[in-house]
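Counting starts at 1 for both ligands and their atoms, following the listed order. Positions are given from 1 along the sequence.
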Amino acid sequence: MKLKQYLWIGLLVMVLILSGLPVYSQQSFYKKVGFQVSTFGALSVGVYDGVATFGDIKQQGDFGLGTIEGLDGELIALDGKFYQVKTNGVAYPVKDEMKTPFAAVTFFRKERTLHLKERMTYELLQQAIDQQLPSKNLPYAIRIQGIFPYLKVRSVPKQKPPYPVLSDVISHSQTIFELRNVQGTLVGFRLPQYFKSMNTAGYHFHLITSDAPKGSRPKGDGAERPLRERKTGGHLLDGEFFNTDAEIEMLHDWHIALPNNASFERATLD
Ligand SMILES: [Zn+2]
């Protein structure tokens with residue numbers, strides 16, 4: 001009789017363990033979610049009004065990119081810390097109450113690392129990563145850490161209403177930084193072609209450096225900061241890569257929060 005009781009308890013424990021497994025896998029599946037505020041199409045036509053606070057965005061991800069209300073620089077989120085790189089090249093910490101008109105984030109958890117040993121241009125890097133992806137039909141979060149031989153990044157200055165379109169801001173007033181032998185992290189996504197009107201199809205990276213490279217430190221502002229805060233970065237335009245480890249995570253879900261404001265409602269997004 002006693003043996004029978006043990007068997008029943010054993011069976012019960014087994015059932016409890018097995019019934020718990022699908023719940024766990026569902027949760028881990030659900031976490032592979034990309035989240036964006038507004039659309040890149042809206043940003044392109046000058047919808048720069050803030051939509052969500054960074055306090056809210058942090059609930060949706062610890063890793064990602066975007067911009068700040070009024071197109072006030074480039075946004076980088078890494079390990080839960082959010083940075084704003086302005087056109088003076090300085091990365092400032094982003095306050096929770098600040099707002100974004102466009103941002104894309106996820107909770108990044110590395111699934112696999114792609115090793116790319118050769119020296120290559122940014123274009124060849126994209127092709128090399130493409131060749132190793134299991135599918136081009138799903139979005140990926142990508143983190144590349146290391147020392148980069150050369151990176152060309154940019155930032156954009158804060159705009160005032162009535163807002164000019166993004167291409168005008170870029171052609172007239174973006175500031176470009178060329179960094180050599182720079183240590184840092186590229187934070188980004190590779191999105192499928194069918195994302196085209198919602199976000200940037202293909203690769204999109206923003207850089208945050210581990211330390212400010214020599215000569216890039218602006219005078220006055222930030223000069224007295226502790227070393228760990230003196231960072232720069234920006235939106236990646238071009239680069240040279242060598243001995244690169246690209247860490248990737250395939251995402252299975254993508255949420256879009258659409259702006260609830262007049263400028264989005266009135267914008268021509270065709
Ligand atoms: Zn960008």
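- For Gln132, the CD atom sits in a packed shell: over 12 heavy atoms of surrounding residues, nucleotides or ligands are nearer than 6.0 Å.
- Salt bridge status for Glu111 with Lys32: present, with a side-chain N to carboxylate O gap under 4.0 Å.
- Distances shorter than 2.8 Å separate the Zn ion (ligand 1) from the protein N/O/S atoms His204 NE2, His206 NE2, His235 ND1.
- Close placement of the Phe102 and Phe40 rings is indicated, their centers lying within 6.0 Å of each other.
- Residues meeting the salt bridge (charged side-chain N to carboxylate O under 4.0 Å, His left out) test with Lys58, sequence neighbours left out: Asp96.
- In terms of the salt bridge (charged side-chain N to carboxylate O under 4.0 Å, His left out) criterion, Asp238 has no residue partners (sequence neighbours excluded).
- Every residue meeting the side chain to side chain contact (heavy atoms under 4.5 Å, CB included) condition with Thr185, not counting sequence neighbours, appears here in chain and number order: Leu78, Arg143, Gln145, Val187, Ile208.
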